[in-house]
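Here is the structure we will look at, set down as structure tokens.
When a ligand or atom number is given, it counts from 1 through the structure's own listing order. The model shown is predicted, which means the values in this text are computed figures rather than measured ones.
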Amino acid sequence: MSESKGQRSSGRGRFITFEGGEGTGKSTQIKKLAERLNAARLRTIVTREPGGSPGAEIMRHLVLSGMGKLLGPEAETLLFAAARDDHVRTRIAPALNQGIWVLCDRFADSTRAYQGSLGSVPVGLINAMQRVTIGDLKPDLTIILDLPVEIGLARAAARRGTGTPDRFESEKLSFHQGLREAYRKIATDDPARCVLIDANSDPDTVAGRVWTVLRERLLPTPAPVVSV
Ligand code: Z5A
């Protein structure tokens, strides 16, 4: 891991990740938040995982096509890790170091939920890969969108239309229920970083919940000046 990955300086941008199961509205909400932050004159980029950098986009194609699954859970996890290493090194860390806010659609919690909790990849291996790929680059805030799985899958199916489900969309209902539980546990285990948000409302209502959390956690109003 290069030192710059986890470095924090006073002018560093903020790193916000969005997580959740299928069709919970991550892409929709990230776009709305970027619009709000840009309107507040905070330089912001939106990125995603797997992908987000030219090298990682190649890996994205590989894993979502189902090729990674053929190699087995550990090797598939290594593919996600390789993609993340490139993404962090070439896109996320440089942007944060320039003071730019980075909004990322999925990040390391997706590996913990999908490959760890659901794919039974040992937590020791996941921790080791995380140390190598992201070091101490922890998100400042992780929004976990929570929704009954039937609703999320119906939304994803409606968006897909007649297209073929990808490698994860085609998993059984029990997989998606397990995923929801895994994300809820991640939120409970790290309340300083994660906030679980009810995503079972219209997009603007959910966006309002996200904005309230962001303002409370990352945009505190300045303390009043007290004269003594
Ligand atoms: N993966 C992994 O296994 N390990 C890892 O380490 C990483 C990822 C990083 C990437 O898929 C896959 O890789 C992912 C996990 C795995 N599993 N799958 N599949 P992806 O990037 O192609 O897609 P996704 O991240 O899974 O996105 P999604 O779940 O399909 O969608 P979403 O971003 O959460 O939702 P959306 O696109 O904003 O909305 C879906 C539809 O619902 C759309 O038509 C919207 O207009 C509609 N929508 C959104 N919000 C609402 C509300 N509030 N009400 C009604 N309708 C709404």
_Presence of salt bridge, R193 and D109, under 4.0 angstrom_ = yes
*asked:* Taking the basic N atoms (NZ, or NE/NH1/NH2) and the acidic carboxylate oxygens, is any pair closer than 4.0 Å for D140 and R12?
replied: yes
*Does a side chain donor of either R112 or Y183 reach within less than 3.5 Å of an acceptor in the other side chain?*
no
*Residues in side chain to side chain donor-acceptor pair (under 3.5 Å) contact with E76, at least two apart in sequence or another chain*: R167
*asked:* Which protein residues come within less than 4.0 angstrom of ligand 1, counting heavy atoms only?
replied: G21, E22, G23, T24, G25, K26, S27, T28, E49, P50, R60, L64, F80, R84, R106, S110, T111, Y114, Q115, R155, R159, D166, F168, E169, S201, D202, P203
*S110 side chain to E49 side chain, donor-acceptor N/O pair below 3.5 angstrom*: no
_Any salt bridge linking E57 with R48? Criterion: basic side-chain nitrogen under 4.0 Å from a carboxylate oxygen._
yes
